[in-house]
Amino acid sequence: VQLQASGGGLVQAGGSLRLSCAASGRTFGRYGVGWFRQAPGKEREFVAAIRGGTGTTHYEDSVKGRFTISRDNAKNTVSLQMNSLKPEDTAVYYCAAGFPPFAILSAIGVSTMYDYWGQGTQVTVSS
């Protein structure tokens, strides 16, 4: 599976961006897909994930109610709609695919649960 993230950019606080993760591979719909982000000087952190098959979603607390993850398996894409953006959302955003155990909430956001990673896309939110 090869992943390519896009859609980043510069936006003012309160604005919106929509990130896309395009994937190759006919079985992409089976994979769980996660979005992670890494701000300068900080560790990579989990943002959101969507399960393959059922489409169950899971979010990091700070983005709940503002971000929405969705997938279109026919188009092999996963999107992250980001609304009400804050300066602290500024980071490089990465998409990743794998089979994290969605039954174990603490494991969904662990980066080692994902086998394939796309290149990052920069999101900058100005105050």
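Note that the coordinates shown come from a computational prediction; the quantities given were computed from them, not determined experimentally.
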More than 12 non-hydrogen atoms from neighbouring residues, nucleotides or ligands closer than 6.0 Å to CD on Glu88, yes or no? yes
Could you walk me through whether Met82 and Val123 pass the side-chain contact (heavy atoms from CB on, under 4.5 Å) check? CA-CA 10 Å; Met82 305 187 297; Val123 172; 3.8 Å; yes
Do you know the tightest heavy-atom contact between Leu3 and Phe28? CD2-CE1, 4.0 Å
Roughly how far, to the nearest 0.5 Å, is OG of Ser79 from CG of Asp72? 8.0 Å
Quick check for you: to the nearest 0.5 Å, what is the distance between Arg18 atom CZ and Ser6 atom OG? 11.0 Å
Check Arg37 against Ser62 and note the closest heavy-atom contact, atom names and distance. NH2-OG, 3.5 Å
How many angstroms lie between OG1 in Thr121 and CG in Leu80, if you round to the nearest 0.5 Å? 11.0 Å
Least distance between heavy atoms, Gly34 atom then Tyr114 atom: N-CE2, 3.5 Å
Does anything in residues 67-108 form a ring-ring contact (aromatic ring centres under 6.0 Å, His included)? List the pairs, not counting sequence neighbours. Tyr31-Phe99
Dump the intermediate steps for side-chain contact (heavy atoms from CB on, under 4.5 Å) on Gln38 and Glu45, then the final yes or no. CA-CA 6 Å; Gln38 187 166 19; Glu45 65 174 2; over 6 Å; no
Chi angles and distances behind the side-chain contact (heavy atoms from CB on, under 4.5 Å) call for Ser111, Glu43: CA-CA 11 Å; Ser111 61; Glu43 293 187 353; over 6 Å; no
Going from CD on Glu60 to CD1 on Ile108, what distance comes out if it is rounded to the nearest 0.5 angstrom? 13.0 Å
Tell me whether the centres of the aromatic rings in Trp35 and Phe46 are closer together than 6.0 Å. no
Asp89/Lys86 salt bridge by N-O under 4.0 Å criterion: no
With the 4.5 Å side-chain cut-off for hydrophobic clustering, are Tyr59 and Leu17 part of the same group? yes
Heavy-atom pair with the smallest gap, counting every atom of Val33 and Arg71: CG2-NH2, 4.1 Å
Just by distance, no angles: are the side chains of Asn83 and Ser16 close enough, under 3.5 Å, to form a donor-acceptor pair? yes
Could you check whether Thr124 and Gln122, counting side-chain N and O atoms only, form a donor-acceptor pair closer than 3.5 Å? yes
Rounded to the nearest 0.5 Å, the OG1 atom of Thr77 sits from the CG atom of Leu19 at a distance of 12.5 Å
Closest approach of Ala107 and Pro100, non-hydrogen atoms and distance? O-CB, 4.4 Å
Determine whether Val63 and Leu85 fall in the same hydrophobic cluster, where Ile, Leu, Val, Met, Phe, Trp and Tyr are linked whenever their side-chain heavy atoms lie under 4.5 Å apart. yes
Is Val110 linked to Val47 within one hydrophobic cluster, defined over Ile, Leu, Val, Met, Phe, Trp and Tyr using a side-chain heavy-atom separation of less than 4.5 Å? no
Please find the pair of heavy atoms, one from Met113 and one from Pro101, that lie closest to each other, and give the distance. SD-CD, 3.8 Å
Taking it one step at a time, do His58 and Leu105 satisfy side-chain contact (heavy atoms from CB on, under 4.5 Å)? CA-CA 8 Å; His58 183 64; Leu105 293 181; 3.9 Å; yes
Shared hydrophobic cluster for Tyr116 and Ile50 (ILVMFWY, side-chain gaps under 4.5 Å): yes
